[in-house]
Amino acid sequence: MGTDKPQFRSIDPTRLPKHFDAAEAEQRWDRFWDEGGIFAWDPTRPREESFVIDTPPPTVSGSLHIGHVFSYTHTDVLARYKRMQGLNVFYPMGWDDNGLPTERRVQNYFHVRCDPHAPFEEVLEIEPASAKQRKSHPRLVSRPNFIELCERVTVEDEKAFEGLFRRLGLSIDWRQQYATIDRHCRLISQRSFRDLYEKGHLYNRDAPTAWDVDFQTAVAQAEMEERSKPGAFHHIEFAVEGDAGSFVIATTRPELLPACVGVTAHPDDPRYKGLFGKNAITPLFRVPVPIFPSELADPEKGTGILMVCTFGDQTDVQWWREEGLALRQLIGRNGTLMPVAFGSDEFPSADADAANRYYAEIAGKGVNQARKAIVELLRDPDAGAAGGGAPLQSEPEPIEHNVKFYEKGDRPLELVPTRQWFVRLLDKQSELLAKGEQVQWHPKFMHSRYRDWTEGLNADWCISRQRYFGVPIPVWYRLDEHGAPDYDDVLVAEAERMPVDPTTDAPTGFEEEQRDQPGGFTGESDIFDTWFTSSLTPQIGSYWSLDAERHGKLFPADIRPQSHEIIRTWAFYTIAKAMLHEDEIPWKHVVISGWVLDPDRKKMSKSQGNVLTPMPLIEKFTADGARYWSASARLGTDTAADEKVFKVGKRLATKLFNAGKFVLGQEAFVHPVQTELDRAFVAKLRGLIERATASFEDFNHAQALSETETFFWTHFTDSYLELAKTRARGEAGDGEAERGSAVASLRLGLDVLLRLFAPFIPYISEEVWSWAFAAEKGESSIHRAAWPSSAELDGIDVPTTEASFDVAVTCWNAINKAKADSEVSMGREVEALTIAADAETLAGLEPVLGDVLAATRCRAHTLAVDASVETGSFAMRDVRFAPKPD
RNA sequence: UGGCACGUAGCUCAGUGGUAGAGCGCCGCCUUGACACGGCGGAGGCCGGCAGUUCAAUCCUGCCCGUGCCAACCA
């Protein structure tokens, strides 16, 4: 039996460096983890034994940000915890490289523009543009060449991100990587499109769509934001047809006057009741437009009567549709006023010559210039207002109002009729809400963000973008005998042919020569909204539609970590996709990290210039220090990037290094835990394990860290270690059994604490673990060691009372205070003292008294029963210190 | 304007229906044998404001103030 006893291994602490070299250790362990496949997902194990993470793919064109450290650490802490629980963790990494940010970056970096008609160059020779080159016209390159450049840039970006993530110690399985533009993702995205098309969830339609005039692409509701901008009410007089008087409308967009197609007021508004059914005549352009009632008109706003234009806002679109109004599109795709001819069927006018003269003044101008110009025209007293005089009734009245912008855009969105592809979502709001209920949100209140967004949905999902770098929409359209496309006759690529590029591949049954020929076909040149691909990250990882077995093991995922501002996009669209494809939820839990605020508690953003780059912080405070700061923050809580907290993390690692050195440096006696103090310590340890585990199960990693940290400092290094150290070193004259008990308990404490810390500060944990425990326990990495359980402690006898530990600490502290009050060092020997307490308290001290006296270097003591001392505390009397040694 | 959070020591943050907590910072002391990248001790709070529920409120309820985020038909 004796030979079965665990063999303790001790170390020679003098062979360890004086200080922990974190930078060196970070490199060494990263290599060790990588080469040892410590974080590899095992595809042979069943779903029940797995923990699947839907890692957020960072936008690689963005800069490295301290926020990346923050949120990715939250995920990694959980991943390491689950792995130590024996689960087969699937922790992939994706790179979000398609979309506008990359295009913009490539345009700036190489000083190029994509021109789909430019000739393709087999070998594109181009270098990053110099400052001088940037002043000249950008070079035009073909779409394939442009994409090539995009890929060149993103590969570099991905390396920077991987470097940071490795340094940070993210336990990612680097074999599971994808990029949203790679072949695999194009395939999954296009199959998603085909599946949705076959299920009838898609349609394409030529309709007014939110349009960014700079990027020249359609934009989805989720990508819009409102900004408060100064504007002005312009009061403009309209005549009523047949010399039937006039009225004054108020508008912030006078430049749309030529696009006026109607006038409306509230049906009950007495001022305008009599006008309904008649025509108004627009000033300057003399276009007759119908006056109709609408509940949507607010009598309180402006003058209570307003002009409907194609298109000033969403309500205009609604009126235009419901009233069957004319379409007089004015704003072109580039944001300027297009040439139009008054007197035509489209733009009728009572005085076409005058109208065209006026319009010539504003045609071709941008919105702002046109507005200024038309205001001047409206001041013209001969412009023919109904009552004579200028149509503009008063000076423009400045107001602040909300204007919709593309979130990445600089100019307000316009509504431009274009043909776009949509996913039908408006008719599925209640199903989407139900799916949101099935997902568990952490913290819980984040669910309301999803609910609010889903309830407030007001448009289907526009998924087509008129850009170049992205996943092509895999469709072609048949051309009739005149060469006009039939958008109802959609040729969707077959699943087996995907991925395809319709601008270079021909649809099945056609030859390339038939491209853009009458009776032939034309390829869709639009690409997908980047979210169309990003919303498939769970399926991209699981190989949906490609590998049913793998898909079954990885879908739905367990957790989706993400930040709260993209609940309306990433979380929402991912839930929508999982629902539409398989009537599933994509993951069981959504784990939301907060934002990083700068030390002044402002949100960090590039525009504010207060962004912290992570590498210098990691170099200064170590990866463990940075992780400590991240993990200290609860989920969903915005957190200041406070260097003080980084520092505490670094200090914690140092302390672990030193405590490990001491504990493992003791001669390794194998003895059961048997003294009262040791057993009481182990009992406390049991409580810690239970609390830390419960906190993790509750998705409260910060609590688990805080519990462990407090225990480590307060109960381990500051108390137990000090109280047990003399006995452990054999200096207290105890027998080998008592000495061995102390060593065994110290080792147990270190062992458990290291494992509890491992998810948070993996480098120092691995380092100390490697000194002895790795060989002792036959587990080379702490990150594959078992998460501590109270069952491990079941073989250890319980103390007479767990309170013994606190009694010993209280007494010890009281003696320390006596030393502090006398301004002697903590190490000073005490020749004699009297410990006074009430009888019961004194009795409780008895089993641990030896350790207390040894730790405080008391040579002689007297115990005195004194009922006047507060129960549970000790009074030190007649303390005589030994003389200070020379 | 509506929804959701947040407001606790100088700073960063925990926390509980019953005497208010940690770390950092500050002050004093201690060259101690794992660690001076330490240790011990100390000062420091109308727990945003006002009401209500309760024997008892920092905690529960309501209102208000302040901060942040998300949304809201641009006339």
Side-chain angles (χ1 to χ4, degrees), chain A residues 13 16 18-20 225-227 229 231 233-234 249-253 256 263-265 296-298 301-309 311-319 399 401-405 412-415 443 445-453 455-456 458 564-565 567-568 594-595 597 599 601-603 629 632-634 636-645 647-648 650-666 702-703 706 709-710 713-714 717-718 721-722 725-726 729 731 813 815-828 857:
Chain A
L16 289 171
K18 177 124 175 88
H19 298 301
F20 177 49
E225 64 184 28
E226 304 222 343
R227 297 181 199 163
K229 291 282 168 187
F233 267 131
H234 299 74
I249 60 106
T251 180
T252 56
R253 299 207 59 182
L256 290 179
V263 167
T264 188
L296 295 172
D298 179 357
K301 220 164 180 181
T303 57
I305 189 163
L306 62 124
M307 67 171 182
V308 178
C309 306
F311 295 94
D313 64 24
Q314 270 306 329
T315 331
D316 281 347
V317 176
Q318 197 177 335
W319 281 316
I399 54 160
H401 62 167
N402 286 341
V403 184
K404 279 199 165 69
F405 281 73
L413 289 169
E414 296 293 346
L415 287 156
F445 66 77
M446 289 296 179
H447 180 209
S448 63
R449 306 257 174 127
Y450 174 83
R451 203 175 40 229
D452 290 351
W453 175 256
E455 283 171 353
N458 60 30
H564 45 73
E565 86 274 21
I567 288 175
R568 66 176 187 171
W595 273 336
L597 308 173
R601 293 205 58 82
K602 289 202 200 83
K603 189 199 168 189
W629 162 73
S632 298
R634 290 171 306 154
T637 307
D638 294 348
T639 304
D642 185 353
E643 289 203 357
K644 287 182 308 195
V645 182
K647 205 168 115 186
V648 171
K650 184 181 178 181
R651 203 177 63 124
L652 173 62
T654 303
K655 193 73 173 176
L656 262 175
F657 179 84
N658 287 315
K661 222 160 56 167
F662 171 75
V663 170
L664 296 172
Q666 302 309 307
Q703 176 75 17
S706 162
E709 185 194 11
T710 302
W713 284 104
T714 309
T717 63
D718 289 352
L721 196 150
E722 294 296 339
K725 98 188 336 179
T726 317
R729 284 196 297 237
E731 291 167 2
N813 283 341
I815 298 174
N816 283 341
K817 179 150 167 49
K819 289 180 177 178
D821 288 347
S822 303
E823 300 189 349
V824 303
S825 83
M826 291 302 123
R828 182 76 74 86
R857 298 178 192 202

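Just so you know, these numbers come straight off a predicted model, no measurement behind them. Each chain gets a letter, A, B and so on, in the order its sequence line appears, and its residues count up from 1.
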Problem set entry | Nearest to side-chain heavy atoms of A/Lys817, which nucleotide of B/G42, B/A34, B/C35 | B/G42
Exercise. Taking atom C1' in both B/U19 and B/U58, what distance in whole Å separates the two?
Worked result: 14 Å
For this session: With sequence neighbours excluded, tell me which residues meet side-chain contact (heavy atoms from CB on, under 4.5 Å) with A/Pro443.
Result: A/Phe445, A/Met446, A/Ile592, A/Leu635
Problem set entry | Test side-chain contact (heavy atoms from CB on, under 4.5 Å) applied to A/Asp821 - qualifying residues, sequence neighbours left out | A/Lys817
Exercise. Nearest of B/C37, B/G25, B/C70 to any side-chain atom of A/Lys647?
Worked result: B/G25
For this session: Tell me what A/Leu721 touches on the nucleic acid: a base, only sugar-phosphate, or nothing, going by heavy atoms under 4.0 Å.
Result: base
For this session: In whole angstrom, give the distance that lies between atom NZ of A/Lys650 and atom C1' of B/U12.
Result: 19 Å
For this session: Go through B/C13, B/C40, B/C24 for me and flag the one nearest to the A/Asn816 side chain.
Result: B/C40
For this session: Would you classify A/Ala633 as touching base, sugar-phosphate or nothing, given that sugar-phosphate means primed atoms plus P, OP1 and OP2, and contacts are heavy atoms under 4.0 Å?
Result: nothing
Exercise. Taking the C1' atom of each, how far is B/G17 from B/A57, in whole Å?
Worked result: 7 Å
For this session: Could you please name the option among B/G39, B/C73, B/C24 that lies closest to any side-chain atom of A/Lys655?
Result: B/G39
Exercise. Atom CG of A/Leu597 to atom C1' of B/C11: distance rounded to whole Å?
Worked result: 14 Å
Exercise. Say you pick atom C1' in B/G42 and the same atom in B/C69; how far apart are they, in whole Å?
Worked result: 41 Å
Seminar exercise, completed: For A/Glu455, the salt bridge (Lys or Arg N to Asp or Glu O under 4.0 Å) test, sequence neighbours excluded, returns none
For this session: Measure the distance from CG on A/Leu656 to P on B/C37 and round it to the nearest whole Å.
Result: 18 Å
Exercise. How does each nucleotide of nucleotides 28-33 of chain B score, in 5' to 3' order, for protein heavy atoms under 4.0 Å: base (B), sugar-phosphate only (S), or none (-)?
Worked result: -SSSBB
Exercise. Between the base of B/C37 and the side chain of A/His19, is there any donor-acceptor pair under 3.5 Å?
Worked result: yes
Exercise. Among the nucleotides B/A72, B/C35, B/C70, which one has an atom lying closest to any side-chain atom of A/Glu565?
Worked result: B/C70
For this session: Please tell me which of the listed nucleotides, B/C24, B/A14, B/A34, lies nearest to the side chain of A/Lys644?
Result: B/C24
Exercise. Can you name the side-chain hydrogen bond (donor to acceptor under 3.5 Å, both in side chains) partners of A/Arg227, sequence neighbours left out?
Worked result: A/Glu225
Exercise. Can a side chain N or O of A/Arg227 be found less than 4.0 Å away from OP1 or OP2 on B/C74?
Worked result: no
Exercise. What is the distance, rounded to the nearest whole Å, between atom CD1 of A/Ile567 and atom C1' of B/C70?
Worked result: 9 Å
For this session: Quickly work out the A/Asp642 CG to B/C24 P distance and round it to whole Å.
Result: 12 Å
For this session: Round to a whole Å and report the spacing from CD of A/Gln703 to P of B/G21.
Result: 17 Å
For this session: For A/Phe405, enumerate each residue passing the ring-ring contact (aromatic ring centres under 6.0 Å, His included) test, keeping only those at least two apart in sequence or located in another chain.
Result: none
For this session: Using side-chain contact (heavy atoms from CB on, under 4.5 Å) as the criterion, list what pairs up with A/Ala820, not counting sequence neighbours.
Result: A/Met826
Exercise. Looking only at atom P, what distance separates B/C73 and B/C59, rounded to whole Å?
Worked result: 37 Å
For this session: Describe the nucleic acid contact of A/Phe233 in one word from base, sugar-phosphate, nothing, applying a heavy-atom distance below 4.0 Å.
Result: sugar-phosphate
For this session: Check every strand shown and say whether A/Thr710 touches a base, only sugar-phosphate, or nothing at a heavy-atom separation below 4.0 Å.
Result: nothing
Check: protein-nucleotides 2-5 of chain B nitrogen or oxygen pairs below 3.5 Å:
residue, atom, partner, partner atom, Å
B/G3, O2', A/Asp452, OD2, 3.2

Problem set entry | Between C1' of B/G15 and CZ of A/Arg634, the distance in whole Å | 10 Å
Problem set entry | Integer angstrom distance from the P of B/G25 to that of B/C64 | 42 Å
For this session: To the nearest Å, give me how far apart CD (A/Glu226) and P (B/C73) are.
Result: 6 Å
For this session: Pick base, sugar-phosphate or nothing for A/Val648, based on heavy-atom distances below 4.0 Å to the nucleic acid.
Result: sugar-phosphate
Problem set entry | Separation of the P atoms in B/C13 and B/G68, to the nearest angstrom | 15 Å
For this session: Answer whether the closest heavy-atom distance between the side chains of A/Trp629 and A/Thr639 falls below 4.5 Å.
Result: yes
For this session: Between B/A36 and B/C29, how far apart are the C1' atoms? Round to whole Å, please.
Result: 14 Å
Seminar exercise, completed: Hits for salt bridge (Lys or Arg N to Asp or Glu O under 4.0 Å) against A/Lys644, two or more places apart or cross-chain, chain-then-number order -> A/Asp642
Exercise. Considering all heavy atoms of both residues, which atom of A/Gln318 and which atom of A/Leu296 are nearest to each other, and what is their separation?
Worked result: NE2-CD1, 3.5 Å
Exercise. Counting just side-chain N and O atoms, does A/Lys301 come under 4.0 Å of either OP1 or OP2 of B/C74?
Worked result: yes
Problem set entry | Side-chain ion pair, A/Glu731 and A/Arg857, N-O less than 4.0 Å | no
Exercise. Counting any heavy atom closer than 4.0 Å, what does A/Asp316 reach on the DNA or RNA strands: base, sugar-phosphate only, or nothing?
Worked result: nothing
For this session: Check if the side chain of A/Glu722 and the base of B/A34 share a donor-acceptor pair of N or O atoms closer than 3.5 Å.
Result: yes
Exercise. So what does A/Gly312 hit on the nucleic acid, given a heavy-atom distance under 4.0 Å: a base, only sugar-phosphate, or nothing?
Worked result: base
Exercise. If every non-hydrogen atom of A/Ala659 is compared with every non-hydrogen atom of A/Leu721, which pair is closest and at what distance?
Worked result: CB-CD1, 4.4 Å
Exercise. Toward the 5' end of RNA chain B, which comes first, A/Leu306 or A/Lys661, by nearest nucleotide?
Worked result: A/Lys661
Exercise. Can any side-chain N or O of A/Thr637 pair as donor or acceptor with the backbone N or O of A/Ala633 at less than 3.5 Å?
Worked result: no
Problem set entry | Beyond-backbone contact of A/Thr264 with A/Leu306, side-chain heavy atoms, under 4.5 angstrom | yes
Exercise. How would you list, by chain and number, every residue that makes a side-chain hydrogen bond (donor to acceptor under 3.5 Å, both in side chains) with A/Gln314, sequence neighbours excluded?
Worked result: none
Exercise. Using atom C1' of each nucleotide, how far apart are B/U61 and B/U54 to the nearest Å?
Worked result: 12 Å
Seminar exercise, completed: The residue, A/Asn813 or A/Glu709, whose nearest nucleotide of RNA chain B is more 5′ is A/Glu709
Seminar exercise, completed: Stems with RNA chain B, 3 or more Watson-Crick or G-U pairs in a row (under 3.5 Å), are B:1-7 with B:65-71, B:10-13 with B:21-24, B:26-30 with B:38-42, B:48-52 with B:60-64
Seminar exercise, completed: Sequence neighbours excluded, the answer for side-chain contact (heavy atoms from CB on, under 4.5 Å) partners of A/Val648 is A/Tyr628, A/Glu709
For this session: Could you check whether A/Leu413 gets within reach of a base, just the sugar-phosphate, or nothing at all, counting any heavy atom under 4.0 Å?
Result: base
